[in-house]
Amino acid sequence: MKEMKSQTLQAQEGRNAGFGTALSRVDGAAKVTGQAKYAAEFTRPDLLFGVVYTARIAKGKIKRIDTSRALAMDGVVDVLTHENSPRVTHFDLKLKDMSAPTVGHPFRALDSDDILYPGQPIALVVAETLEIARAAARLVDVDYEWQDFETDLKRATPFVPKVPGVGERKPKSRGKAEAAFASSPVQITGDYHLMPEHHNPMELFASTVFCEDDGRLTIYDKTQGVKNSHCYICNAMGFKRAKVRVLSPFVGGAFGSALRPQYQLWLAALAAKKLERSVRVVMTRQEMFGHGYRPECYNRIQLGADDQGHLKAIINSAVTGTSSYENYTESIVSWGGMLYQCDNAKLDYQIARVDTATPCNMRAPGGATGTNMFEIAMDELAYASNVDPLELRLRNYAERHQLKDRDYTSKALRDCYQRGARKFGWEKRSPEPRSMREGHELIGWGMATGVWDAMMAPTSVRATLHADGSLEVGTATADIGPGTYTMMTQIASDATGIPVERITAKLGDSDLPFAPVEGGSATAASAGTAVQKACHALMKQVLEQANQLENSPLSGARMEDVDLVGGRIQLSENPAQGMSFSEVFTAAGLDSLEAKKFGRPRMTRKARNTHSAVFVEVRVDEEVGMARVTRVVNAVAAGRIINPKTARSQIIGGVVFGIGMALEEESLADHRIGRWMNHNLAEYHVPVNADVPDIDVIFVEEEDHEASPIGVKGVGEIGVCGTAAAIANALFHATGKRLRDLPITIDKLVTD
Amino acid sequence: MKQATSPAGVERQDACPTRLTINGEIVELAIPPWTSLLDLLRERLALTGTKKGCDHGQCGACTVLIDGRRINSCLKLAVTLDGTEITTIEGLAGVDGSLHPLQEAFIRHDGFQCGYCTPGQICSAQGLLNEAQATTRAEIREHMSGNICRCGAYPNIVDAIEDVIHKRNSDPRMPE
């Protein structure tokens with residue numbers, strides 16, 4: 001690999017990058033030069049290419065599958081179907097990956113003649129080249145037996161999801177909400193709806209399986225967790241764990257879609273197992289609509305308040321879709337019930353089966369849907385009670401978590417409201433809908449609250465200091481884009497005083513110490529805490545070694561007596577007295593020192609959440625129904641910010657997801673044939689550059705060492721929570737039209 | 001002539017002799033007529049910096065420069081490009097490894113997250129500079145809308161490109 005020199009990165013060399021440093025990404029040069037390699041980009045001379053053949057019907061059985069014409073094509077090696085695939089495990093439990101729903105039977109590709117959902121893979125054509133495999137896949141011939149199916153959530157039958165041994169999974173209600181609602185002088189009732197959304201990360205799902213000469217497998221997989229893929233594929237196919245290594249050094253976006261191992265991993269491993277040859281399987285963009293997605297949601301919200309806007313009752317019931325074979329659930333109705341002071345809340349949640357692939361987590365699963373819908377309802381209440389929308393939130397501000405009835409570890413939401421409003425200029429807002437206009441455009445200002453969980457999961461990190469003074473920190477986490485490499489480097493630099501360019505962060509390798517899947521905005525808190533602990537332990541070892549040396553300048557010194565500066569350990573009181581790490585290693589005759597530490601959440605009964613206040617300006621050309629988001633201010637309270645540059649990018653990314661949710665994104669099914677119609681990036685609209693204005697991000701820092709030992713709460717998902725609602729509310733303010741059906745597309749804006 | 005076959009060596013009699021200049025290097029290849037420029041680069045020339053995001057010209061991840069013009073390489077059959085000069089992300093940095101001003105600006109302004117759309121964004125931005133049509137932020141946004149970034153780094157991408165345009169205007173010696 002050619003050595004790439006970035007002036008930007010060189011300029012930050014020599015720096016001890018502590019908390020709060022706006023470090024440029026340490027993997028930046030690899031990404032901007034095309035040298036960062038993703039799962040489909042590892043190759044070997046004998047590699048075979050697998051192309052998927054998907055079911056052309058929504059549900060039923062394969063009566064006959066004829067692969068003879070495909071097999072006859074020059075260069076085709078095999079066509080795998082349910083009739084000739086190697087045996088896999090019989091036990092569902094073995095296929096329960098870290099993100100699998102508790103209840104259900106995980107999908108098994110090419111396992112039987114059953115077709116459970118449209119877009120299900122039913123054959124894999126394996127050939128010497130990608131083009132041959134693709135051409136041969138056209139020659140597979142299948143007779144189907146159709147069965148009745150339902151892809152329309154509106155017509156599916158909702159039920160309360162049950163968990164064995166736990167019982168009904170119901171959110172906690174409180175008080176007497178129905179009576180309180182009936183007696184409330186101000187009432188609003190809204191039926192909200194969100195269309196299904198697909199994650200559509202830019203990178204196509206891919207797995208490259210290399211069969212090594214000694215029988216081992218090296219697998220490059222697009223995943224948010226190499227340990228998850230490793231465990232899953234070994235369990236499924238009966239591979240010995242020690243003989244399989246899963247790698248994922250770079251991941252081209254995922255947003256939750258790569259939490260669960262996807263079927264290309266299964267297919268590539270299945271083909272490699274059968275043929276004992278190296279195989280790569282890459283999904284097409286169209287095929288990526290045949291796996292998990294954010295489920296459609298119907299949500300009724302009723303709010304009762306006194307004439308000052310103080311909440312008296314919350315009644316919230318929602319239904320989301322799941323598949324025929326697994327119970328995927330989300331937390332939809334808890335957010336409003338948790339966020340606002342209200343004695344009476346009735347919360348109900350059900351799921352209903354539709355014949356699609358099982359939905360899965362997508363950026364702020366449940367929260368993005370739930371908070372955005374609830375925050376539109378709050379805007380409706382603001383107008384019904386004639387209270388400014390921001391003032392309404394302040395009047396109902398809760399100091400304690402209302403569902404758990406517990407204190408928060410920290411909650412600087414008031415500051416978010418105040419600083420966001422000031423930056424946006426909220427006080428200049430004229431409250432009447434349709435009262436702000438410039439030229440032919442109506443202007444609308446809307447706001448909303450965002451809330452998300454501050455999670456942390458046990459993670460193990462190994463830190464190794466070498467005799468040349470370089471440091472390596474490694475854990476099997478992922479970097480799907482937030483900047484995990486950079487975050488780990490920065491925390492290691494903070495803990496050891498070693499400049500960033502002397503530190504190597506390692507991740508995305510199942511041989512590294514345990515890390516859970518990268519999700520839930522938890523990685524910075526989880527891996528970050530473990531990096532810090534491992535580095536602290538390592539530094540203690542270095543000092544102990546230095547203590548023991550003859551005539552040591554650090555003899556008798558304890559950790560609290562020393563400073564770590566630029567790869568040197570020195571007395572705080574007399575910085576001239578100290579030793580570089582290399583000097584310690586040479587004198588002690590060491591090659592390297594290693595520390596492995598486990599980071600875990602602190603025990604607390606308090607609630608841990610991130611919060612935000614989002615302010616949005618939209619402009620609407622009423623004649624053509626075109627709405628543009630022209631200004632966004634998002635003020636976020638998410639504990640301590642490790643790196644303001646990458647953290648800001650995370651919030652911006654979340655806001656862009658919110659713009660998509662509010663105005664553009666929907667997976668449209670033709671329910672007569674049960675198939676997605678717009679399964680491509682031309683017809684499934686995601687925001688493009690021209691759709692996105694400049695976005696102001698404000699971090700309201702919270703000093704909070706209960707949320708996580710390093711004070712970090714996570715910023716990956718809070719950006720989408722509230723943003724879609726703020727846009728919908730701004731559209732109401734601009735046009736006077738209350739639209740409760742997301743996304744709010746042009747057709748909805750122009751029709752009455 | 002180098003036969004542009006798969007690594008496994010399936011040879012094609014119908015492969016067409018094609019001469020391309022890729023990142024300044026002349027390559028003479030026998031290319032099957034159905035091979036897209038994108039697949040040629042990624043699967044046969046190991047230039048995986050050019051990304052496949054949709055294979056249908058809808059996302060822009062595969063953007064490269066052909067004779068200085070930005071184009072979706074997934075929509076071009078490689079055999080139709082005989083005699084052209086192709087620049088991919090691997091050809092933008094200097095031979096000494098020093099980064100192109102756009103690459104520097106993307107790092108400085110955090111114009112990417114996962115990095116998958118980035119090579120296409122940068123090639124597209126170079127195409128935009130060559131076109132010399134966009135100067136304002138609104139114009140940059142419009143002219144960069146053929147390149148999807150699902151991580152949503154758009155405002156930072158605009159910052160990076162604007163920065164390079166400004167520097168270019170103030171310093172004519174800045175590399176093209």
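Computed from a predicted model, the values in this text were never measured in an experiment. Numbers restart at 1 for each chain; the letters A, B, ... are given by sequence-line order, proteins then strands.
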Among B/Leu92, B/Ile157, B/Asp55, B/Asn156, who wins on heavy-atom pairs under 4.5 Å with chain A? B/Asn156

Counting heavy-atom pairs under 4.5 Å to chain A, which of B/Gly49, B/Ala61, B/Gly53, B/Ala46 comes out on top? B/Gly53

Strictly distance-based, threshold 3.5 Å: is any side-chain N or O of A/Arg628 a donor or acceptor partner for the main-chain N or O of A/Arg619? no

Counting only non-hydrogen atoms closer than 4.5 Å, does [X] touch chain B with its backbone (N, CA, C, O), its side chain (CB onward), both, or neither?
{"X": "A/Val251", "answer": "backbone"}
{"X": "A/Val656", "answer": "side chain"}
{"X": "A/Asn680", "answer": "both"}
{"X": "A/Leu130", "answer": "side chain"}

Who wins among [options] for the most heavy-atom pairs under 4.5 Å with chain B?
{"options": "A/Ile695, A/Asn200, A/Thr284", "result": "A/Asn200"}
{"options": "A/Lys645, A/Gln12, A/Gln650", "result": "A/Lys645"}
{"options": "A/Ile652, A/Val655, A/Thr33", "result": "A/Thr33"}
{"options": "A/Ala682, A/Pro687, A/Ala254", "result": "A/Ala682"}

For [X], is it the side chain, the backbone, both, or neither that has a heavy atom closer than 4.5 Å to a heavy atom of chain A?
{"X": "B/Arg42", "answer": "side chain"}
{"X": "B/Leu47", "answer": "neither"}
{"X": "B/Thr88", "answer": "neither"}

For the residue pair [X] and [Y], confirm or rule out a side-chain donor-acceptor distance under 3.5 Å.
{"X": "A/Arg25", "Y": "A/Asn643", "value": "no"}
{"X": "A/Ser6", "Y": "B/Gln103", "value": "no"}
{"X": "A/Thr646", "Y": "B/Asp110", "value": "no"}

Classify the ring geometry of A/Tyr220 against A/Phe42: parallel below 30°, tilted from 30° to 60°, perpendicular beyond 60°. parallel

Taking the six-membered ring for Trp, are A/Tyr684 and A/His198 parallel (under 30°), tilted (30 to 60°) or perpendicular (over 60°)? perpendicular

Does the side chain of A/Thr129 reach to within under 4.5 Å of the side chain of B/Thr35, using non-hydrogen atoms? no

Which residues in residues 111-121 of chain B have a heavy atom less than 4.5 Å from any heavy atom of chain A? B/Phe112, B/Gln113, B/Cys114, B/Gly115, B/Tyr116, B/Cys117, B/Thr118, B/Pro119

Can you list the residues of residues 136-152 of chain B that sit under 4.5 Å from chain A, counting heavy atoms only? B/Arg137, B/Arg141, B/Glu142, B/Met144, B/Ser145, B/Ile148, B/Arg150, B/Cys151, B/Gly152

Flag yes if more than 12 heavy atoms outside A/Gln10 fall under 6.0 Å of its CD atom; otherwise flag no. yes

Do other residues, nucleotides or ligands put more than 12 heavy atoms under 6.0 Å from B/Glu25 CD? no

Tell me which pairs pass salt bridge (charged side-chain N to carboxylate O under 4.0 Å, His left out) where either residue lies in residues 57-77 of chain B, with sequence neighbours left out. B/Arg70-B/Glu131

I need the full list of salt bridge (charged side-chain N to carboxylate O under 4.0 Å, His left out) pairs touching residues 111-130 of chain B, with sequence neighbours left out, sorted by first then second residue. none

To check you understand the geometry: which heavy-atom pair defines the closest contact between B/Cys74 and B/Cys62, and what is its length? N-SG, 3.4 Å

